[in-house]
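Worksheet: one structure, shown below.
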Amino acid sequence: MNIVEKDRKYVWHPFTQMKTAGDPLHIERAKGIYLYDDNGNAIIDAVSSWWVNLHGHGHPYIAGAIKEQALNLEHVIFAGFTHTPAVTIAERLLSYLPHQSKVFFSDDGSTAVEVALKMCIQYFHNQDIPRRRIIALEEAYHGDTFGAMSAGGDCGFNGPFNDYFFQVEHIPAPIPGSEEASLTALRKELDKGDVCCFIFEPLIQGSGGMRMYSPEILDKMIGMVHEAGALCIADEVMTGFYRTGKMFASDYLTNKPDCMALSKGLTGGTLALSITTCTEKIYEAFLSDDKSKTFFHGHSFTANPIGCAAAIASLDLLEKEECQSNIRMIVEMHSEFLKELEAHPKATNARQRGTIIAFEFETGKETSYFNSIRDTLYHFFLERGVLLRPLGNVVYIMAPYVISKEELEKIYGLIREALDSI
Ligand SMILES: *Cc1c(COP(=O)(O)O)cnc(C)c1O
């Protein structure tokens, strides 16, 4: 048996209907923005391997940091113990987040969201303040664990579990055209009282279809939530680390969140690690001589030193002028291409925020995540050496920052070709 045959025999893949899915591609290695399959084909990773990769694959600087850390201290229990990589990444990240005060480590985006929700719930519980209600946005995606699914929008994936979710009030996202509906719904929920927290993906709802909205409207909403005495959680798992053109989407805001969830790009996309940050006010509500007020949460691999070392190395690269100027180049190239998309009759709702550009591929038919246009487009691009993974009929580009002008042009060219030929 070759690897793909063995894969079919032994392995169950994520978000995959194993009965009808074609064979997975066997990737043998990756370098920069290219994935190489077992036939030696080079594929541009234009989705950053599910939005995680920032600096390209196999980056020698991050790989070196990982190797060095693995030989020095691969892991140690993080209750009662600490280590330099964890403290260093905490200090450096908080220097970007003057409104945040503490860092709590976990393993992935979903658990970072769980931690944020638990912090907000217990924040009120510890003070004997009866606030239980949670508000989230429709079409939101916060991960696949139960708390994260509860906060997520009704997306067609969660049918079997719906009965097990805790109650979350979903209000329309303030995307263009829905701002008033969103504000009205938020006002109504806040007026009912007892709101604990409001969780949102700032500026871009990723999995929901790269739905973008303005900082001004989010500022207004955060202001309303704070005025009502409730907390705000910015799920920056996807938007963090310059995806939106700034270090964090929250950097566009005047009103700052109380908690932030970070993962995906945190390690440059090399290892699973996540961070939840919170304000001093939240942290202090857990300080007590009463042990029951402790935050009883932690994972086996909390603050894994190798993951932290990768995160430090990724941050080093991110802060380099070379990376910053390439990010600016991507933003500028996208905004030129955006004008072209806006003029194309088959590309509707073209939009961009920072390094992310998206549009809807008009088919004239009703569309959803399960639409076959998604598969047609996916294979069209893949056969031509580019990995793009449309969300339903939403085509988007989210490339590693090391992509070149020529490589971006190649992707734009294929999108043009798809728009004109499919
Ligand atoms: C991907 C994602 C998550 C979940 O992260 P995992 O690492 O897949 O658990 C949570 N929130 C947002 C906004 C995401 O894009």
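Numbers here simply count residues along the sequence, with the first being 1. Every heavy atom of this structure was used, including side-chain atoms; hydrogens, water molecules and symmetry mates were not. Order of listing sets the numbers, starting from 1, for every ligand and every atom in it. Bear in mind that the values here come from a model prediction, so they are computed numbers and not experimental data.
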Looking at [X], which atoms of ligand 1 are within less than 4.0 Å of one of its heavy atoms?
X	value
Trp51	15 (O)
Gly143	4 (C), 10 (C)
Asp235	10 (C), 11 (N), 12 (C), 13 (C)
Glu201	13 (C)
Ser110	4 (C), 5 (O), 6 (P), 9 (O)
Asp108	7 (O), 9 (O)
Gly109	4 (C), 5 (O), 6 (P), 7 (O), 9 (O)
His142	10 (C), 11 (N)

Side-chain donor-acceptor pair present, [X], [Y], cut-off under 3.5 Å:
X	Y	result
Glu91	Thr88	no
His297	His299	yes
Ser49	Asp45	yes

Quiz item: Hey, mind stepping through Arg416 and Glu340 against salt bridge (charged side-chain N to carboxylate O under 4.0 Å, His left out) and telling me if it holds?
Solution: CA-CA 9 Å; Arg416 265 179 218 121; Glu340 192 184 324; 2.5 Å; yes
Quiz item: What is the closest protein heavy atom to atom 1 (C) of ligand 1, and at what distance does it sit?
Solution: Lys264 NZ, 1.6 Å
Quiz item: Between Lys102 and Glu284, does at least one N-O distance fall below 4.0 Å, as a salt bridge requires?
Solution: no
Self-check item: Pair Glu336 + Lys339: basic N to acidic O under 4.0 Å
Solution: yes
Quiz item: Which atom pair, heavy atoms only, marks the closest approach of Cys197 to Leu117?
Solution: SG-CD2, 4.2 Å
Quiz item: Under 4.0 Å from ligand 1, counting heavy atoms only, is it the side chain of Glu236, its backbone, both or neither?
Solution: neither
Practice problem: Measure from NZ or CZ of Arg243 to the centre of the six-membered ring of Phe241 and say whether it is under 6.0 Å with the direction within 45° of the ring axis. | Solution: no
Exercise. Determine, using heavy atoms of Gln205 and all atoms of ligand 1, whether some pair is separated by less than 4.0 Å.
Key: no
